Amino acid sequence: MPLEILLVLVVGGIACIALALHLLGLSAAPGFDAAGARDAWLRHFPQDAVTDAAPSRDGRAARIEAASGKGIVWRFGADSVARPLAGARAEPHKTGLILRLPDYAAPRVRLTLTPEEARAWARWMQT
């Protein structure tokens with residue numbers, strides 16, 4: 001079989017599999033519930049003690065209250081990212097909030113929140 005045909009078959013097959021997984025809903029990352037947010041925080045900070053976890057309405061992010069202070073967990077593909085909020089600033093955005101973190105690995109995080117959630121999360125960060 002010529003290499004060009006084999007290449008087209010392989011690339012086309014991979015694309016068809018990816019499309020089928022997406023159409024079946026298997027490419028969507030699961031949302032957080034309180035227990036999932038707590039587990040995600042503890043994967044990143046295993047020595048910490050989580051006292052409260054409050055996921056957003058869409059489940060893509062969660063507020064964390066821990067012994068070390070306030071933090072946030074959010075979905076990043078199929079995985080999660082967790083960061084403490086010490087020194088963070090919240091800025092309103094048309095789709096929620098933008099968090100400015102003092103962290104070169106994640107300097108800015110855009111959260112999709114309802115207007116009520118965005119106001120509540122901004123107040124929560126200030127307290």
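Here the structure is a predicted model, which means the values were calculated and not measured.
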**Report entry** Point-to-point distance, once rounded to the nearest 0.5 Å, from CZ of R38 to OG1 of T51
**Finding:** 8.5 Å

Query raised in the report: Is there a donor in the side chain of S80 and an acceptor in the side chain of R43, or the other way round, less than 3.5 Å apart?
Result: yes

Report summary line: In terms of heavy-atom contacts, A118 and G96 come closest through CB-O, 3.8 Å

Query - Gap separating the CZ atom of R110 from the NE2 atom of H93, nearest 0.5 angstrom - result: 5.0 Å

Report task. Locate the shortest heavy-atom distance separating L101 from A88; write the atom from each residue and the value. Result -> CD2-CB, 3.5 Å

Report task. With the side chain counted from C-beta on, respond yes when R63 and L85 share a heavy-atom pair under 4.5 Å apart, and no when they do not. Result -> no

**Report entry** L99 side chain near W121 side chain, heavy-atom distance below 4.5 Å
**Finding:** no

Query raised in the report: Under 3.5 Å, is there a donor-acceptor pair between the side chain of R108 and the main chain of I98?
Result: no

Query raised in the report: After noting the C-alpha distance and the side-chain angles of M125 and I72, does the key distance pass the side-chain contact (heavy atoms from CB on, under 4.5 Å) rule?
Result: CA-CA 10 Å; M125 284 181 63; I72 187 166; over 6 Å; no

Query raised in the report: How far does CD of E117 sit from CG of D58, to the nearest 0.5 angstrom?
Result: 7.0 Å

Report summary line: Excluding V50, membership of its hydrophobic cluster (Ile, Leu, Val, Met, Phe, Trp, Tyr; side-chain heavy atoms within less than 4.5 Å) reads F32, W41, L42, F45, I64, V73

Report task. Report the distance from atom CG of L24 to atom CG of L19, rounding to the nearest 0.5 Å. Result -> 9.0 Å

Query raised in the report: Which residues satisfy the side chain to side chain contact (heavy atoms under 4.5 Å, CB included) test with H22, sequence neighbours excluded?
Result: S27

Requested in this report: Quick one: closest heavy-atom pair of A105 and P107, and the distance?
Outcome: C-CD, 3.7 Å

Query raised in the report: Tell me, which pairs form a side chain to side chain donor-acceptor pair (under 3.5 Å) where one or both residues lie in residues 7-17, sequence neighbours left out?
Result: none

Query raised in the report: Looking at residues at least two apart in the chain, or sitting in another chain, which of them share a side chain to side chain contact (heavy atoms under 4.5 Å, CB included) with V81?
Result: W74, F76, R83

Query raised in the report: Given the rule that I, L, V, M, F, W and Y join up when any side-chain heavy atoms are under 4.5 Å apart, are V10 and M1 in one cluster?
Result: yes

Report task. Quick one: list whatever passes side chain to side chain contact (heavy atoms under 4.5 Å, CB included) with R119, sequence neighbours left out. Result -> P115, E116, R123

Query raised in the report: So, for A61 and L111, which heavy atoms are closest and what is the spacing to 0.1 Å?
Result: CB-CD2, 3.8 Å

Query raised in the report: Are the side chain of D52 and the backbone of E65 linked by a donor-acceptor contact shorter than 3.5 Å?
Result: no

Report summary line: Hits for side chain to side chain contact (heavy atoms under 4.5 Å, CB included) against V11, two or more places apart or cross-chain, chain-then-number order -> L7

